[in-house]
Amino acid sequence: MSNIRSHTTDAIVNVRTDTFPKNENEYSTYLFNDRQQRMVDIHNGFAFNIYRKLLNSLKSDNIALSPICLGMNLEMLANGVSEPARREIFTSIGLNPDSISQREVNEFNQQMFKRLVYLTELSELSIANSIWTDSGIKLRSDFINACREYYFASLFSGNLSSPAAKDRINKWMSSHSRGTIPQFLKEPLPPTSELTLINTLYFNSRWEYPFDTRLSKKRSFHNISGNTIDVDMVCSGLHSPQSFNIPGACFRMLSFPYVSWCFEMIFILPDEEKNIADCLNYLTPETFKNIYASRYSSNYLLYLPKFSAEYKNSFRTTLQAMGLKPLFKETKIFGSMMESSPCKVSDIMQGISISIYDEQVMPPELTMAWGAEEMPDNTKNPIVFDRPFMFMIVDRETGLIMFIGDVREL
């Protein structure tokens, strides 16, 4: 019987929020410095790029991913590859390998991890990284230490193509997604699997201003496939979303805060006759940064279809299309990571789940329908999300994109 063992403990190394500072002076411990804030902008550019690749390959399926988790896995991997491979990883993310060191990247990820978990006192957020190696693969201690110290990763070893490995991976994923992704793998990994990276990000929060269930109604939604269906739509009610000043853009961008205002969801609605790809042509790290700083209080009445966001993905094909083929094809670049004979990365995989709850109900999906105390006045301008749109969940203070995705088919 195959045995999957952990190089660390059986559970992920978690950052405990009860040990974090709780007063305003100590909160500064979890802010980014100027160079780290610049890295936020770069990683947001990576978010748009990886999402664009998926959008081009998945013509009709809804998409949701955590770009920060994927970037974190690549930058963790960079600790154990050759210098040319490290430069390729940095370049694919948007980092200049000549002006930033591996240590600085590691410290950014460590700070980002701690910051996100610190901000979850009023929201549930679980972020986890793991490395799974086949029997006989031995990793160097300095690489293992970097994965633990900066990326809080767990490492597991065993026969990766066995049913036991599949069950262990599913158990790990279910644990760190609060049971919302119980069957991450339906089949065991391929027999050729040697080294697989798996990450997950689970988010569960309430809205600062609940949607008004009394204004929910059936409205038409025009799917990307061409058909139109009637769907349940919720309404922002008394509290209007914030809007952004976007000169020359082909879309509207609105935001709604989660409780405590630490995180917010941004909705992007393309203009009539435009699509999500047109929006992405406008969005760069610089334009997003400028847009994000231009928020103002709107007078809009937001109508939004109920939807859920759960996604399981293999990024092998997408990352190869972004220029990272050597990670999956060449063993020689991993010599500094291995005590055993070098191997290659089999896959980088991700499972995400976004759940929102109110005080009475905690559903396992993103269901935006809660009560408010007052009805909106009739002077508000309605904006109806009745066609494919994008969404993002963002760290409100830094602008870091935690999730990015879309609703194209209901």
Please lay out, stage by stage, how F263 and Y258 fare under the test ring-ring contact (aromatic ring centres under 6.0 Å, His included).
CA-CA 6 Å; F263 305 108; Y258 291 112; 7.3 Å; no
Assess the residue pair M253 and L269 against the criterion (side-chain contact (heavy atoms from CB on, under 4.5 Å)); give the C-alpha distance rounded to whole Å, side-chain angles, the decisive distance to 0.1 Å, and a yes or no.
CA-CA 7 Å; M253 184 165 136; L269 180 67; over 6 Å; no
Would you please test N129 and N199 for side chain to side chain donor-acceptor pair (under 3.5 Å) and show each step?
CA-CA 5 Å; N129 297 308; N199 62 83; 5.3 Å; no
Could you go through the side-chain contact (heavy atoms from CB on, under 4.5 Å) check for M76 and Y150 one step at a time?
CA-CA 8 Å; M76 176 172 67; Y150 298 108; over 6 Å; no
Test L304 against M233 for side-chain contact (heavy atoms from CB on, under 4.5 Å), laying out the working first.
CA-CA 5 Å; L304 190 74; M233 288 203 182; over 6 Å; no
Checking side-chain contact (heavy atoms from CB on, under 4.5 Å) for the pair L201/M72: CA distance, chi angles, key distance, verdict?
CA-CA 12 Å; L201 185 58; M72 190 180 287; over 6 Å; no
When you look at Q242 and S298, which way does the side chain to side chain donor-acceptor pair (under 3.5 Å) test go after all the steps?
CA-CA 5 Å; Q242 289 190 314; S298 77; over 6 Å; no
Evaluate the ring-ring contact (aromatic ring centres under 6.0 Å, His included) criterion for residues F32 and F108: first the C-alpha distance (whole Å), next the side-chain angles of each, then the deciding distance (0.1 Å), finally the verdict.
CA-CA 8 Å; F32 292 131; F108 166 76; 5.5 Å; yes
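Contact annotation: the side chain of L283 approaches that of F251 to within less than 4.5 Å [non-hydrogen atoms, C-beta and beyond]. S157 places none of its side-chain heavy atoms less than 4.5 Å from the side chain of I137. Between M265 and F403 there is no side-chain heavy-atom pair separated by less than 4.5 Å. Inter-residue side-chain proximity for M402 and F203 is flagged as met; some heavy-atom pair is nearer than 4.5 Å. Looking at heavy atoms from C-beta onward, Q111 lies out of side-chain contact with L31 at the 4.5 angstrom threshold. By the 4.5 Å heavy-atom criterion applied to side chains, C69 and Q350 are counted as neighbours. Two residues are said to be in side-chain contact when any heavy atoms from C-beta on lie closer than 4.5 Å; K114 and L119 fail this criterion. Between I276 and P270, some side-chain heavy-atom pair lies under the 4.5 Å cut-off.
To the nearest 0.5 Å, atom NZ of residue K138 and atom CE of residue M338 are 13.0 Å apart. A distance of 6.0 Å separates CG of L400 from CG of L116, quoted to the nearest 0.5 Å. For the atom pair W132 CH2 and T196 OG1, the distance stands at 10.0 Å (nearest 0.5 Å). For the atom pair CG (N223) and CD1 (I229), the distance works out to 4.5 Å, reported to the nearest 0.5 Å. In this structure, the separation between CG on L54 and CZ on F315 is 5.5 Å, given to the nearest 0.5 Å. Here D142 contributes atom CG and S336 contributes atom OG; the two are 8.0 Å apart, rounded to the nearest 0.5 Å.
Salt bridge absent: K166 and E187 never bring a charged side-chain N and a carboxylate O closer than 4.0 Å. Using a cut-off of 4.0 Å between Lys/Arg side-chain N and Asp/Glu carboxylate O, D395 and R115 are scored as salt-bridged. Ion pairing between a basic and an acidic side chain is recognised when a charged N comes within 4.0 Å of a carboxylate O; R396 and E264 show such pairing. With respect to the salt-bridge test (charged N to carboxylate O, under 4.0 angstrom), the residues R316 and D347 do not qualify.
The side-chain hydrogen bond (donor to acceptor under 3.5 Å, both in side chains) contacts involving residues 274-286 comprise T284-T287, where partners must be two or more places apart or lie in separate chains.
Between the R219 side chain and the V231 main chain, no donor and acceptor come within less than 3.5 Å of each other. Side chain of S161 to main chain of P191: no donor-acceptor pair is present (N/O by atom type, distance under 3.5 Å, no hydrogens or angles). At least one donor-acceptor pair closer than 3.5 Å links the side chain of Q102 to the backbone N or O of E75. Using a distance-only test at 3.5 Å, with no hydrogens or angles considered, a donor-acceptor pair links the side chain of T180 to the main chain of S177. Formation of a donor-acceptor pair under 3.5 Å by the T133 side chain with backbone atoms of L195 is not found in this model. Proximity of a side-chain donor or acceptor of N170 to a complementary backbone N or O of F184 within less than 3.5 Å is detected. Put simply, the side chain of S216 never gets that close to the backbone of V234: no donor and acceptor are under 3.5 Å apart. N44 places no side-chain N or O within donor-acceptor distance of the main-chain N or O of P285, the cut-off being under 3.5 Å. No side-chain donor-acceptor contact under 3.5 Å links S240 to the backbone of S236. With hydrogens and angles ignored, the 3.5 Å screen pairs no side-chain donor or acceptor of D386 with any backbone N or O of S220.
Under the 30°/60° scheme for interplanar angles, the aromatic rings of Y209 and H239 are found to lie parallel. Classification of the Y292-F244 ring pair by plane angle, with boundaries at 30° and 60°, yields parallel.
Taking the centre and axis of the six-membered ring of F48, the NZ or CZ atom of R52 falls outside the cone set by 45° and 6.0 Å. Judged by the 6.0 Å distance and 45° axis criteria, R387 is not positioned over the aromatic ring of F221.
For F267 and F391, the gap between ring centers reaches or exceeds 6.0 Å.
Between E107 and Q36, the shortest heavy-atom distance links the atoms O-NE2, 3.9 Å.
Within a 6.0 Å radius of NZ in K312, more than 12 heavy atoms belonging to other residues, nucleotides or ligands are found. Enclosure of atom CG in D98 by more than 12 non-hydrogen atoms of other residues, nucleotides or ligands within 6.0 angstrom is indicated.
For the residue pair Y51/D406, the side-chain donor-acceptor check at 3.5 Å is satisfied.
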